[in-house]
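All of these numbers come straight from a predicted model, not from anything done at the bench.
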Amino acid sequence: MAGAAPFAKMNGIGNEIIVADMRGRADRVSAAAAVALNADAATRFDQIMAIHDARTPGTNYFIDILNSDGSGAQACGNGTRCVVQALAAETGQKVFTFETVAGILNAQEHEGGLISVDMGRPRFGWQDIPLAEEFRDTRMIELQIGPIDAPVLHSPSVVSMGNPHAIFWVDRDVWSYELDRFGPLLENHPIFPERANITIAQVTSPETMTIRTWERGAGLTRACGSAACASVVAAARTKRTGRNVTLRAPGGELRVEWRGDDHVVLTGAAEWEFSGTFDPATGAWTRDAESAA
C-alpha cells in the first residue's frame with residue numbers, strides 16, 4: 001500500500017499495544033486510522049505508540065501516543081516497555097530516552113527481558129491533575145457512585161502521572177465491582193475536565209495490591225502502567241503501603257517503586273505478537289508473511 005509504515009502488535013502484560021514506526025516521516029497516525037485499527041479484532045489495541053524522529057537534543061525518539069478512540073494520550077508505561085523491546089531487538093541498544101507530550105521518559109531493558117520505565121514525578125495539585133474545582137487535599141476527594149447513603153465507590157485519591165487518575169480503595173475483591181458500568185460514568189464526570197483513568201484498588205499487604213482499571217479513551221484494560229504508578233503513589237501517600245509495591249493486574253504483575261528522588265519507576269515484561277505494515281491515514285493494514293497465522 002502507498003505510504004505504508006511498519007508496525008508491531010505487542011502487549012505489556014495484556015495491555016494491547018501497536019508500536020508504529022513513523023521514523024523518517026513527516027505525517028502522523030490519524031485518529032481515523034486508530035479507530036479503524038481498533039475495529040479489527042486482529043489489531044484491537046489500548047494504545048498506539050508511534051515512534052517519530054527525535055525533536056529535542058539528548059533524546060532518542062519522540063513517542064506520539066493514541067488511544068483506541070483516536071484521542072491523544074500523554075503517558076503509557078506498558079506501551080513504553082513495548083517500544084523499548086522493539087527498538088532493543090532492532091538496534092541492540094538497551095537504554096533509551098524518549099520525549100512524549102508529558103515530558104521526558106528514560107527506559108532500560110534488563111538482562112532477562114524485564115524493562116523499567118522512569119515515569120517521572122507524580123503531581124498532586126488539583127489544578128495539575130486537573131480537577132474542575134479546588135481540593136486542598138487530593139489524597140481523598142468528594143466523589144461517589146451509587147446511593148448517597150450507601151455508595152458503591154467513594155472518596156478516591158487523585159493524582160497525575162502525566163495523565164489524570166482516580167483510585168477508589170475497596171476492601172472486597174476488585175472483580176466484585178461492575179467497572180464496565182461505572183467506568184464510563186466516572187471517566188466523564190464533570191470533576192475531570194480532561195476525563196480520567198479510573199482504578200479500583202485493593203491493598204493486600206504493605207507490599208502488594210490488586211487493581212483493575214477503566215482506561216481513559218480505551219475502556220476496560222488488562223493492564224495500565226500509569227494507573228499502576230498512580231495507585232502505588234496514592235497508596236503510599238495514604239499510608240496504605242510502602243513505596244515499593246508489586247501489583248497484580250488482570251494481565252499479570254508489575255513492580256512499582258516511588259524512589260526517594262520522587263521519580264516513579266515501573267518494571268514489567270513486554271511481548272511481541274506479530275508485525276505488518278499499515279496506512280497511517282486510513283488504518284488499512286497487511287500482516288507480514290513471516291507473521292502469518
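The heavy-atom pair separating S157 from W169 by the smallest distance is OG-NE1, 2.9 Å. The nearest pair of heavy atoms linking V84 to Q108 is CG1-C, 4.4 Å. For the residue pair M10 and A86, the shortest heavy atom distance occurs at SD-CB, 4.1 Å. Nearest heavy atom pair, residue G268 against residue L254, reads CA-CD2, 4.0 Å. Across all their heavy atoms, R23 and L87 have their closest contact at NH1-CD2, 3.7 Å. Pairing each heavy atom of W214 with each of L220, the nearest pair is CE3-N, 3.5 Å.
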Audit row: K94, E109, salt bridge (Lys or Arg N to Asp or Glu O under 4.0 Å) steps and yes/no:
CA-CA 5 Å; K94 299 294 186 182; E109 184 178 63; 2.7 Å; yes
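One finds a salt bridge joining D69 and R195 here, because a Lys/Arg side-chain nitrogen approaches an Asp/Glu carboxylate oxygen to under 4.0 Å. The existence of a salt bridge linking E16 and R222 is excluded, since no basic side-chain nitrogen approaches an acidic carboxylate oxygen closer than 4.0 Å. With respect to the salt-bridge test (charged N to carboxylate O, under 4.0 angstrom), the residues R259 and D118 qualify.
For R28, the CZ atom counts as loosely surrounded, since its 6.0 Å shell holds 12 or fewer non-hydrogen atoms of other residues, nucleotides or ligands.
Both the sub-6.0 Å distance and the 45° axial angle are not jointly satisfied by R136 relative to the ring of W126. The cationic group of R212 does not satisfy the cation-pi geometry with Y177, failing either the under 6.0 Å distance to the six-membered ring centre or the 45° limit from the ring axis.
Linking Ile, Leu, Val, Met, Phe, Trp and Tyr residues whenever their side-chain heavy atoms come within less than 4.5 Å leaves I129 and M161 in two separate clusters.
Using cut-offs of 30° and 60° on the angle between ring planes, the pair H189 and F192 is perpendicular. Aromatic ring orientation, F7 versus F278: perpendicular (interplanar angle above 60°, classes split at 30° and 60°).
Side-chain contact, N244 with E207: no donor N or O sits under 3.5 Å from an acceptor N or O. A donor and an acceptor atom, one from each side chain of W285 and T277, are nowhere located under 3.5 Å apart. Checking D171 against Q202 by side-chain atom types alone, no donor-acceptor pair falls below 3.5 Å.
When each of T80, D64, I63, T59 is paired with T100, the side-chain contact (heavy atoms from CB on, under 4.5 Å) condition holds for I63 and for no other.
Remark: the backbone N or O of A102 is not paired with any side-chain donor or acceptor of Q74 at under 3.5 angstrom. For the pair S30 (side chain) and A281 (backbone), a donor-acceptor distance under 3.5 Å is present.
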